[in-house]
Student: 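Quick one: the structure is below, questions incoming.
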2 protein chains.
Amino acid sequence: MARGRATLKDVAERVGVHLSTVSRVLNAKPGYVVSEEVAEKIRTAARELGYKTNPFAYSLRVNRSFTIGVLIPDLTNPVFPPIIRGIERTLAKKGYIAILADSDNDPAEEERILERLKARQTDGLILATAHRADELVADCLEEGYRVVLINRSVEAAGVSSITNDDHFGIAQAVRHLASLGHRQIAHVAGPQAISTGYQRYLAFREAMQAEGLAVDDNLIAFCDAFAEKEGRRAMAQILARSRPLSAVVAANDLLALGCYDAIEAAGRRCPEEISVTGYNDMPFADKFKPPLTTVHIPLFEMGIEAAEAMLALLDTENPEPRQVRLRPELVVRGSTARAPAGI
Amino acid sequence: MARGRATLKDVAERVGVHLSTVSRVLNAKPGYVVSEEVAEKIRTAARELGYKTNPFAYSLRVNRSFTIGVLIPDLTNPVFPPIIRGIERTLAKKGYIAILADSDNDPAEEERILERLKARQTDGLILATAHRADELVADCLEEGYRVVLINRSVEAAGVSSITNDDHFGIAQAVRHLASLGHRQIAHVAGPQAISTGYQRYLAFREAMQAEGLAVDDNLIAFCDAFAEKEGRRAMAQILARSRPLSAVVAANDLLALGCYDAIEAAGRRCPEEISVTGYNDMPFADKFKPPLTTVHIPLFEMGIEAAEAMLALLDTENPEPRQVRLRPELVVRGSTARAPAGI
DNA sequence: CTGAAAGCGCTAACAA
DNA sequence: TTGTTAGCGCTTTCAG
């Protein structure tokens with residue numbers, strides 16, 4: 001506070017013109033021509049006085065906040081920071097800022113946050129939290145908010161979204177494992193209420209069949225969240241069923257990390273006895289023990305794409321949803337190895 | 001936009017009272033008593049119409065944004081997400097929101113971001129980017145902004161800051177190494193322009209002396225940034241000097257990760273030949289290869305403390321800076337081992 | 001081209 | 001206790 005700054009009025013008085021003239025010059029109204037002399041005077045006065053347009057007044061007047069709400073399920077998941085960086089950078093170029101919020105995978109919190117963001121009059125919402133059948137998303141759309149989904153999609157069509165090709169990615173992982181001689185492959189699946197969890201699960205089944213491998217439901221376990229803890233639980237559950245298996249494809253990297261834990265706790269070794277693949281290629285995936293074989297998706301670029309999609313929505317009165325699907329790529333590291341003989 | 005919502009006027013008309021009455025009721029003006037009947041009518045009308053106070057108008061009027069700028073040097077460094085979460089949660093309780101910005105360790109970008117945040121009329125600034133002699137911080141203070149520094153401090157006194165006890169932390173690491181029989185201990189130091197880099201370097205020298213160990217300047221190298229790449233470069237540099245060494249204390253975890261790379265590239269093994277310690281105990285530090293022995297600092301709590309310090313500053317007209325120093329704790333994992341014999 | 005004035009939605013000082 | 005009013009700083013319509 002206290003930090004009172006120069007207003008249009010101040011500049012106007014200094015130069016000796018009407019305040020509306022100052023406004024017009026500073027905003028470079030198209031088709032408006034002042035004597036270049038006056039314009040220059042105004043600009044220098046503004047600079048000298050350190051004039052900055054008051055965002056509250058401006059927003060009140062034009063009824064736009066130039067603020068985009070970004071809702072993330074779990075900021076501590078390293079996949080998100082690069083995405084966020086991409087979003088921020090891109091938004092900043094057009095004078096928008098991102099308000100970041102982290103729901104910690106809690107739907108109730110998610111709803112509260114959404115309320116807060118709406119109360120703040122964000123011009124748009126970038127959501128990385130969407131569920132497959134997400135009422136919250138539907139509500140936002142209905143209320144006229146611009147929304148773009150990132151990494152996830154909802155079943156209802158007509159929403160902008162930036163995703164990756166889960167089927168392609170999982171197929172790569174399964175093919176890789178198959179080529180290494182694995183036949184009993186488990187799947188630690190993500191939450192089925194979330195598009196990525198669901199799609200990757202479907203993709204797993206398809207890919208197995210495509211490779212001519214049987215899918216054994218005893219080798220599949222579902223997680224309630226994309227969190228390490230859940231991955232450990234699910235993998236332990238599979239292991240407890242005592243079916244032969246030599247590999248597991250986890251629905252994301254955090255889950256894969258949980259698999260590492262469970263495998264170790266069971267006294268088995270990765271990759272010698274059990275190969276593991278993840279998904280996302282999150283930062284540090286190459287630093288784990290062992291370095292994780294995973295499906296790389298272009299995180300930073302997804303952020304950029306999301307922001308651009310949002311900007312596009314903001315630009316037009318009747319926005320066309322834009323759906324971008326990026327192609328992932330398997331990166332082979334140390335967590336996968338040839339299937340042990342005799343299994 | 002379009003999303004026009006009910007205003008005070010709408011509510012007032014609906015109830016048939018003056019708009020100022022509505023305002024008073026909804027804001028629960030202390031000492032103001034309406035007939036409970038009217039108050040109730042107003043509240044239900046507000047609810048029915050979905051009244052939300054317009055933040056632009058409100059901010060314009062009271063000249064506060066209820067927004068705090070949070071400036072981070074590198075969002076992809078996993079130490080920050082927990083801090084940010086702590087900040088956000090705490091701020092949210094008091095109706096404030098955080099605007100997060102990531103400078104990517106670039107001072108120029110930092111300055112630009114600060115400009116943007118100020119232009120947005122943030123009520124305060126939480127900075128994790130401070131340099132030891134930071135003009136930017138001084139400027140902010142001078143301009144009357146409330147600022148709290150997190151994780152770092154500046155030389156000029158009188159700024160609120162939340163830090164950890166670097167000397168204590170480093171001493172723990174050095175003592176641990178010494179107790180394992182290490183005598184030739186290297187230090188991969190952080191940027192000396194940053195308080196943590198500088199203090200940890202000082203602490204390293206002190207701690208070595210306290211343990212009766214000689215510090216060999218050939219076993220010290222400085223990094224230009226707290227980034228893995230720099231850690232690798234610095235460690236490679238030390239290794240290239242071919243002095244005997246059996247351990248290295250890195251000024252933070254990212255640097256330690258870089259040390260891993262350099263050690264491996266040099267064909268040495270960690271921890272069998274060279275022990276490594278980090279600092280921060282960032283998420284996933286326990287998952288690395290090998291699991292990193294490091295100094296744990298309470299990240300989430302630091303975020304909470306920072307936000308509370310900020311809230312305290314915001315509360316009073318003439319704020320007393322608050323300086324909190326949290327106590328870190330060594331956590332021993334797999335990257336440190338007994339010193340090899342014969343060195 | 002430039003000035004005047006209204007008004008975005010709100011709070012607070014003042015009157016009644 | 002309640003109503004009236006000014007005004008936060010800005011954009012924009014309407015006159016001039």
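The figures here come from the full heavy-atom set of this structure, side chains too, leaving out hydrogens, waters and symmetry mates. Everything numeric in this text was worked out from a predicted model, so none of it was measured. Letters go in sequence order (proteins before strands), and every chain restarts at 1.
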Student: Hey, is A:E115 close enough to B:K52 for a salt bridge, meaning N to O under 4.0 Å?
Tutor: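 Yes, charged N to carboxylate O under 4.0 Å.
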Student: To the nearest Å, give me how far apart NZ (A:K9) and P (C:dG3) are.
Tutor: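 Distance check: A:K9 NZ to C:dG3 P gives 16 Å.
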Student: Quick one: B:Y58 OH to C:dA12 C1', roughly how many Å, whole number?
Tutor: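 After rounding, the reported distance stands at 12 Å.
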Student: So, A:R120 versus B:T67: side-chain donor-acceptor pair below 3.5 Å or not?
Tutor: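 Yes, because at least one side-chain N or O of A:R120 sits under 3.5 Å from a partner of the opposite role on B:T67.
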Student: What's the closest nucleotide to the A:A57 side chain, out of D:dG9, C:dC10, C:dG3?
Tutor: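 It is D:dG9.
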Student: Could you state the NE2-P distance from A:H18 to D:dG9, rounded to the nearest angstrom?
Tutor: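 Between P of D:dG9 and NE2 of A:H18: 16 Å.
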Student: Check DNA chain D against residues 43-53 of chain A and give the residues with a non-hydrogen atom under 4.0 Å, in numerical order.
Tutor: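 By residue number: A:Y51, A:K52, A:T53.
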Student: Find the distance B:R64:CZ to C:dC10:P and express it as a whole number of Å.
Tutor: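 Interatomic distance, CZ of B:R64 to P of C:dC10: 19 Å.
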Student: Quick one: side chains of residues 75-91 of chain A, donor-acceptor pairs under 3.5 Å with protein atoms, not counting sequence neighbours, listed by atom name and distance.
Tutor:
residue	atom	partner	partner atom	Å
A:T76	OG1	A:D74	OD1	2.6
A:N77	OD1	A:V79	N	3.1
A:R85	NE	B:D102	OD2	2.5
A:R85	NH1	B:D104	OD1	3.3
A:R85	NH2	B:D74	OD1	2.8
A:R85	NH2	B:D102	OD2	3.1
A:R85	NH2	B:D104	OD1	3.3
A:T90	OG1	A:G86	O	2.7

Student: Within a strict 4.5 Å, meaning less than it, do heavy atoms of the B:R64 and B:Q121 side chains meet?
Tutor: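 No, side chains not in contact.
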Student: Atom pairs under 3.5 Å, N or O on each side, protein against nucleotides 13-16 of chain C: can you list them with distances?
Tutor:
residue	atom	partner	partner atom	Å
C:dA13	N6	B:R24	NH1	3.4

Student: So, B:E111 and B:R116, do they make that salt bridge, N to O below 4.0 Å?
Tutor: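 Looking at B:E111 and B:R116, the cut-off is not met.
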Student: Could you give the CG-to-C1' distance, from B:N63 to D:dG9, as a whole number of Å?
Tutor: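 Rounded to whole Å, this separation is 10 Å.
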Student: Between atom CG in B:N54 and atom C1' in D:dC8, what is the gap in whole Å?
Tutor: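 These atoms are roughly 13 Å apart.
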Student: Please work out whether the ring planes of A:F66 and A:Y58 are parallel, tilted or perpendicular, with thresholds of 30° and 60°.
Tutor: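 The arrangement is parallel - the two ring planes meet at less than 30°.
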Student: Using atom CG of A:L19 as one end and atom P of C:dA6 as the other, report the distance to the nearest whole Å.
Tutor: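 Value for this atom pair: 14 Å.
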Student: Does A:T21 put a side-chain nitrogen or oxygen below 4.0 Å from OP1 or OP2 of C:dG3?
Tutor: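 Checking A:T21 against C:dG3: at least one side-chain N or O falls below 4.0 Å of OP1 or OP2.
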Student: Strictly by modelled atom types, are A:Y51 and A:R43 linked by a side-chain donor-acceptor pair under 3.5 Å?
Tutor: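 Their side chains do not contain a donor-acceptor pair, so the 3.5 Å distance test is not met.
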Student: Look at the side chain of A:D106 and the backbone N and O of A:S103, then say whether any donor-acceptor pair between them is shorter than 3.5 Å.
Tutor: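 Judged by distance alone, no pair lies under 3.5 Å.
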Student: Starting at CG of A:D10 and ending at P of D:dC8, how long is that distance when rounded to a whole Å?
Tutor: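 These atoms are roughly 11 Å apart.
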Student: Applying side chain to side chain donor-acceptor pair (under 3.5 Å) to B:S160 and B:R146, what does each step give before you reach the verdict?
Tutor: CA-CA 9 Å; B:S160 288; B:R146 317 301 205 210; over 6 Å; no
Student: When you get a sec, tell me which of D:dT4, C:dC10, D:dG9 is the closest nucleotide to the side chain of B:L60?
Tutor: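 Closest nucleotide among those given: D:dG9.
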